[in-house]
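Report on the structure given below.
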Number of protein chains: 2
Amino acid sequence: MALASENLTKNQKTVLDILENSSEPLKAYTILFDIQKKGIKSPLQVYRALDKLIEIGKVHKIESRNSYVACKHEGCNAKTSTSFLICENCDSVTELTGNNLISYFSKQAEKNNFNYKKHNLEIFGLCKNCKLKN
Amino acid sequence: MALASENLTKNQKTVLDILENSSEPLKAYTILFDIQKKGIKSPLQVYRALDKLIEIGKVHKIESRNSYVACKHEGCNAKTSTSFLICENCDSVTELTGNNLISYFSKQAEKNNFNYKKHNLEIFGLCKNCKLKN
DNA sequence: CTTAAAATGTTATATTATAACATTACATTA
DNA sequence: TAATGTAATGTTATAATATAACATTTTAAG
């Protein structure tokens, strides 16, 4: 069995490629605009590619910004849950990894008699670079 | 000095009222539809009231669902940061409180040389009631 | 090869949110 | 009380984000 990322279709590869070469999250219509020369003409083509890429864990959505970011981690297990550090100054995004967050959230949920399934976490602030500048 | 909630205008009170009497988060256009008989005719009137209510901490936005929920905590300090338990079955929402989350996130951010300012946390799963039923 | 599932292409439309601008309410204080 | 400044309002239009519906094509597995 091949890696999911090897089975990508043309549209999916095109969308993933532009996200992987971006230093910040991109919006769907920004992606659309940037790749119209590659034969993608409608929003739906972008959204469908994004849906698939999210499903296999190669892309994550930043909910509070309606934007999308490529995952840099091989075999990222964040197909459902995501945790980000988002710089308010430069918009760069770093993904938090490791399962300690999940066990922590499970415990927090348990206290409320709530059965944890998955989560979205978005932490806003200043990244390393922007801390220095300001 | 009066409480911020005592200074609410008519539109703001109308929007807050419908949110406080809802058992689940509501979408902006749902609110609009439900209160047209009270003289609110345009989306902008709803969004402006929501903006103000969010600013003073009486309402929070559930980013992943584009919906809005009234805060049940007196003097809620979550004017910027929010933490929710969201039931995937019944859509009910419980807000996590306490500063332990903030200190935990600050530490996680620190590890990445990131300066924590605020956060959004959305935990999905099954609430107490829905756990029993399923 | 056949076939079923997935992906595509295309048009239209739904949903969520803001821009722009003229007007009104209201608290402060001169 | 009149002047003044800030916030809120009302209204129309439009921007930004996302999905429905359906016919067609590609792909992978048997």
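Because the structure is predicted, anything quoted here is derived from the model rather than measured. Letters A, B, ... mirror the listed sequences (proteins, then strands); counts begin at 1.
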(message) Does C/dT8 have its OP1 or OP2 closer than 4.0 Å to a side-chain nitrogen or oxygen of A/Thr9?
(response)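 Yes, within the criterion.
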(request) May I ask you to verify if any side-chain N or O of A/Gln45 is less than 4.0 angstrom from the OP1 or OP2 atom of C/dG9? (result)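 For C/dG9, OP1/OP2 do have a side-chain N/O of A/Gln45 under 4.0 Å.
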Between [N] ([atom2]) and [X] ([atom1]): distance, integer Å:
X	N	atom1	atom2	answer
B/Leu8	C/dA25	CG	P	19 Å
A/Lys52	C/dA5	NZ	C1'	11 Å
B/Leu53	D/dA8	CG	P	10 Å
B/Ile54	C/dT18	CD1	C1'	14 Å
A/Ile56	C/dA6	CD1	P	14 Å
A/Leu50	D/dA16	CG	C1'	15 Å

Taking all non-hydrogen atoms of both residues, which atom of [X] and which atom of [Y] are closest, and how far apart?
X	Y	value
A/Leu32	A/Pro43	CD2-N, 3.8 Å
B/Glu95	B/Cys71	OE1-SG, 3.4 Å
A/Val15	A/Ala49	CG2-CB, 3.7 Å

Flag for [Y]-[X]: side-chain donor and acceptor within less than 3.5 Å:
X	Y	answer
B/Thr30	B/Tyr68	no
B/Thr94	A/Asn112	no
A/Ser83	A/His119	yes
A/Ser81	A/Tyr116	yes

(message) Can you pull out every side chain to side chain donor-acceptor pair (under 3.5 Å) where at least one residue sits in residues 122-133 of chain A? Sequence neighbours excluded, please.
(response)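 Qualifying pairs: A/Ser64-A/Glu122, A/Lys131-B/Asn113.
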(request) May I ask you to list the residues of residues 33-41 of chain B, by number, that have any heavy atom positioned under 4.0 Å from an atom of DNA chain C? (result)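 Listed by number, there are none.
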(request) Do nucleotides 17-30 of chain D as a string where each nucleotide becomes B, S or -: B if the base has a protein heavy atom under 4.0 Å, S if just the sugar-phosphate does, - if no protein is that close. (result) BBBBB---------
(message) When you measure from the centre of the six-membered ring of A/Phe124, is the NZ or CZ of B/Lys118 closer than 6.0 Å and no more than 45° off the axis?
(response)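 Geometry flag: set, cation within 6.0 Å and 45°.
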